[in-house]
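Structure first, commentary second.
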Amino acid sequence: MDFLVLVEQPDSRKYEYIEFPQTDTWGLIIPVSDPLAKKKAIRLDDLKDLPLFCSDQAWNGDIKNWAGSRFSELNLEGSFRLSYNGSIFTREGLGYLLTYEHLIDTSEGSGLVFRPLSPKLENRIYIVWNRYQAFTPIAERFLEHIKKDFS
């Protein structure tokens, strides 16, 4: 594998990296027919007593930090490694998915909507490669293109 995308600060002793010019925003995936779908943003009080789906890493990291001392008021119904899998449970009305804004299809007709968390929770995104990586010619071209576009 030539490149990796991370949402946490890479270890600069092991990796070279470039930060994406934009961040990704945390929010809730909601069935379009749910009353929460009418809200512009989701607050911690909105999440209390809801069955929530989230990755274990995010639940014990970003979400825990965001909720602070009120974290124990949240109810993790289940965890997934792939947000898409959690979105199926959400579509079926089994709970709500905490995830990044652009991972799930929430376009018109999808049956789902995304609402950002408030206060806002964002992560920086990095493209990463091994410090002493030997690239194939196509990987080298890709990296040159990324460096040009991200600068």
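The structure presented is a predicted model; accordingly, all values stated were derived computationally and were not measured.
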Counting only pairs under 3.5 Å, give me each side-chain donor-acceptor contact of residues 30-41, with atom names and distances, residues two or more places apart or in other chains.
residue : atom : partner : partner atom : Å
D34     : OD1  : L36     : N            : 2.8
D34     : OD2  : Y96     : OH           : 2.4
K39     : NZ   : D46     : OD1          : 3.4

If two hydrophobic side chains count as joined below 4.5 Å and joins carry through other members, does [X] share a cluster with [Y]?
X    : Y    : result
L143 : V128 : no
V5   : I146 : yes
I125 : F114 : yes
L97  : V7   : yes

Check your understanding: Under 4.0 Å between a Lys/Arg side-chain N and an Asp/Glu carboxylate O for R70 and E73?
Key -> yes

Exercise for review: Determine, stepwise, if the pair I127 / L4 fulfils side-chain contact (heavy atoms from CB on, under 4.5 Å).
Suggested key: CA-CA 6 Å; I127 188 158; L4 174 67; over 6 Å; no

Check your understanding: So, the side chain of S110 versus the backbone of D105: is there a donor-acceptor pair under 3.5 Å, distance only?
Key -> yes

Nearest 0.5 Å, what's the [atom1]-[atom2] distance between [X] and [Y]?
X    : Y   : atom1 : atom2 : value
S72  : K48 : OG    : NZ    : 10.0 Å
L103 : L82 : CG    : CG    : 9.5 Å
N123 : L6  : CG    : CG    : 11.0 Å
S55  : D62 : OG    : CG    : 8.0 Å

**Study point:** Residue pairs involving residues 113-135 (criterion salt bridge (Lys or Arg N to Asp or Glu O under 4.0 Å); sequence neighbours excluded)
**Key:** E16-R131, E19-R124, K120-E122

Study note, to complete from the structure: Sorted by chain and number, sequence neighbours left out, side-chain hydrogen bond (donor to acceptor under 3.5 Å, both in side chains) with T106 holds for none

Review point. What pairs with D49 under side-chain hydrogen bond (donor to acceptor under 3.5 Å, both in side chains), at least two apart in sequence or on another chain?
Key: none

Review point. For residues 50-81, which residue pairs qualify under ring pair (Phe, Tyr, Trp, His ring centres under 6.0 Å), counting only residues two or more places apart or in two chains?
Key: F53-F80, F53-F89, W59-F71, F80-F89

Exercise for review: If a pair satisfies ring pair (Phe, Tyr, Trp, His ring centres under 6.0 Å) and one of its residues is in residues 16-49, list it, with sequence neighbours excluded.
Suggested key: Y17-Y126, F20-F150, W26-Y100

Check your understanding: For Q9, does the CD atom have more than 12 heavy-atom neighbours from other residues, nucleotides or ligands under 6.0 Å away?
Key -> yes

Study note, to complete from the structure: For A67 and L44, the nearest pair of non-hydrogen atoms, with its separation, is CB-CD1, 3.3 Å

Check your understanding: Which atom names give the shortest non-hydrogen contact between Y84 and S87, and what distance separates them?
Key -> O-OG, 2.6 Å

Side-chain touch [X]/[Y], heavy atoms, less than 4.5 angstrom:
X   : Y    : result
T99 : C54  : no
I42 : L28  : yes
L50 : N75  : no
P51 : L94  : no
I63 : L121 : yes
I18 : W129 : yes

Practice item. Any chance you could lay out the salt bridge (Lys or Arg N to Asp or Glu O under 4.0 Å) test for D11 and R13, step after step, and finish with the verdict? Key: CA-CA 5 Å; D11 181 348; R13 294 169 300 177; 3.0 Å; yes

Practice item. List the steps, then state whether side-chain contact (heavy atoms from CB on, under 4.5 Å) holds for T25 with E101. Key: CA-CA 6 Å; T25 302; E101 183 172 8; 3.8 Å; yes

